[in-house]
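Report on the following structure.
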Number of protein chains: 2
Amino acid sequence: MAKYEKIADDLRARIRAGEWGPGDRLPAETPDLTGQYQTSLPTLRQALAVLVAEGVVDKMHGRGNFVRKPRKLVVRTNERHQWEKDRARQPEETRRQTGATEHDTGLTVLDLVFKAEFRRIEAPESLAGLFAVPAGTGLLERTYRTRYREEREPFNVARSYLLYDMAEASPELLDPSREPWPGGTQNQLFTIGIELDRVEERITARPPTIEEADELGLKAGVSVIALRKISHSTDGRVVEVSDVVLPGDRTELVFTTPLSRW
Amino acid sequence: MAKYEKIADDLRARIRAGEWGPGDRLPAETPDLTGQYQTSLPTLRQALAVLVAEGVVDKMHGRGNFVRKPRKLVVRTNERHQWEKDRARQPEETRRQTGATEHDTGLTVLDLVFKAEFRRIEAPESLAGLFAVPAGTGLLERTYRTRYREEREPFNVARSYLLYDMAEASPELLDPSREPWPGGTQNQLFTIGIELDRVEERITARPPTIEEADELGLKAGVSVIALRKISHSTDGRVVEVSDVVLPGDRTELVFTTPLSRW
DNA sequence: GAGTGGTCTAGACCACTGT
DNA sequence: CAGTGGTCTAGACCACTCC
């Protein structure tokens, strides 16, 4: 076993044993830890890199290395879809009070800050296939960033796609200044005569790309959950595709599958 | 911007531009790349570490650095639960033919190899809470490893928990040599008079622990999906809890949520 | 055995954080 | 300004893969 692995194992064991608790600073790389382990700085740093990749240690330039605190989870359920559907036909006053994210998280509209950007794009192959239209068809791309009011980085970035021709039926849907829209996308679809039959969600996890790490304020070595939501209308079409990137270490997705009785 | 970041950016751009395709070997670290970028070996390796963390490059000791091939996905749907329930009361001959994993992946029983280990444990706080029993209550812990016949490492490790007193009602359930059980857990529960009402799944993503990376044969820096499945019976009890760890870069979870009509 | 990546050293200098 | 981590060098030797 390599020296840096032995050091990483030992530090991990000391942390698990409680020698340093969550939020505590570890001894300085130089001269403390290099001295304790009788090693050079690069080797010690390689050991620390292992613990950072495992999510055990946070490095902070100029301050020190810290035992990572467990992150506060953001929960996202699949019950939100039925909830949002039930709400889509309520009066605006009701819809304005709270959205699906608040429903999941138990927060209020005031705790969260939204930012929306809209643009028209031509459908790439992958999206065109889902919508069953030719590549190059016009799509409305809407980018949403949601963050806690007290935090700087958003905790999710979502990109939603609608057929441009379809969205155009109601010019208000093309106006980003009307976001956050009371009642969400299902209400928007309702205003143009569309009812959803089911929502399909596909989930994978992977390391963040450079751009995502930047956008979500993630440390190198954590994971993101990539969720693609595909909304099917009652007349059998795909009417919305939404790609959401969530920080893996602070998101919990909850799906409930009801079963029919024997 | 640091030198190693510039090098990483340049290499990433060259890969995206197709200078090397999926599966191709990059030029040797020494002397090729260090020469091209006029840098020392450690700095070049730091640049490569960035690309490995992003999942763009695979390092293979003694062979070279390779552009990563797009991973083959293993799909897991939530329709499997209803499918398994429908199957639970079928004759053994029908149940024996295929299981839920094969249903999801389109593979046959012959493509997959199972390994099962059983033991009796005392419920830790976290599990006791879910089952609504006192901590220390006896649980049957069943560990399953599934792998492709041609691969060495399993693609998932699952740990399933049942109340020991409940499982004991049918001694066959305590016998690991009877696995894989035709019809899966829902058929096992059927034999002791239990019907499921719904299945709840909670999902997070995180870096693998040392033990998981080892067990699943993962490279450092990839992500795992941790899925906890909680099965609720028609009489309102939690009857099974199952923890599954899946390699994030080759698993796609698909959840379909049907919506009731307006 | 040739080629390739993996580990490690000793030390210099830069950049960030907090007092 | 002191303390801390971040970057970088030049080179030695080890371990793995494949011919």
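Below, read A as the first sequence line, B as the second, and so on, with proteins coming before strands; counting in each chain starts at 1.
Between B:N65 and C:dT4, a side-chain N or O to OP1/OP2 separation shorter than 4.0 Å is absent. Residue A:K3 places at least one side-chain N or O closer than 4.0 Å to OP1 or OP2 of C:dT9. In terms of phosphate contacts, B:K59 brings no side-chain nitrogen or oxygen within less than 4.0 Å of OP1 or OP2 of C:dT4. OP1 and OP2 of D:dG11 both lie 4.0 Å or more from every side-chain N or O belonging to B:S40. Considering only side-chain N and O atoms, A:R25 lies under 4.0 angstrom from the phosphate OP1 or OP2 of D:dT4. Side-chain nitrogen and oxygen atoms of B:R63 include none within less than 4.0 Å of the OP1 or OP2 phosphate oxygen of C:dG3.
A straight line from CZ of B:R45 to P of C:dT4 spans 14 Å, rounded to a whole angstrom. The distance between atom CG of A:L33 and atom P of D:dG6, rounded to the nearest whole Å, is 13 Å. One can place CG of B:L41 at 11 Å from C1' of D:dT9, the figure rounded to the nearest angstrom. A straight line from CE of B:M60 to P of D:dC18 spans 8 Å, rounded to a whole angstrom. Going from atom CG of A:D58 over to atom P of D:dG6 covers 11 Å, rounded to whole Å. Atom NE2 of A:H61 is separated from atom P of C:dC14 by 13 Å (rounded to the nearest Å). As a whole-Å value, the separation of A:E5 CD from D:dC14 C1' is 14 Å. Rounded to a whole Å, the CG atom of B:L48 is 16 Å from the C1' atom of C:dT7.
Listed nucleotides D:dG6, C:dT9, C:dG5 differ in distance to A:P42; the shortest reach to its side chain belongs to C:dT9. Checking C:dT4, D:dT7, C:dC8 against the side-chain heavy atoms of B:A28 singles out C:dT4 as nearest.
Side-chain atoms of A:T34 do not come within 3.5 Å of backbone N or O of A:S40 as any donor-acceptor pair.
Looking at B:R159 and B:T143, their side chains do bring a donor and an acceptor atom within 3.5 Å of each other.
Salt bridge absent: B:D9 and B:K6 never bring a charged side-chain N and a carboxylate O closer than 4.0 Å.
Using cut-offs of 30° and 60° for the angle between ring planes, the A:F118 and A:Y144 rings count as perpendicular.
Annotation for B:Q36: atom CD counts as buried by contact number, over 12 foreign heavy atoms lying within 6.0 Å.
Both B:T30 and A:T39 sit near DNA chain C, but only B:T30 has its closest nucleotide nearer the 5' end.
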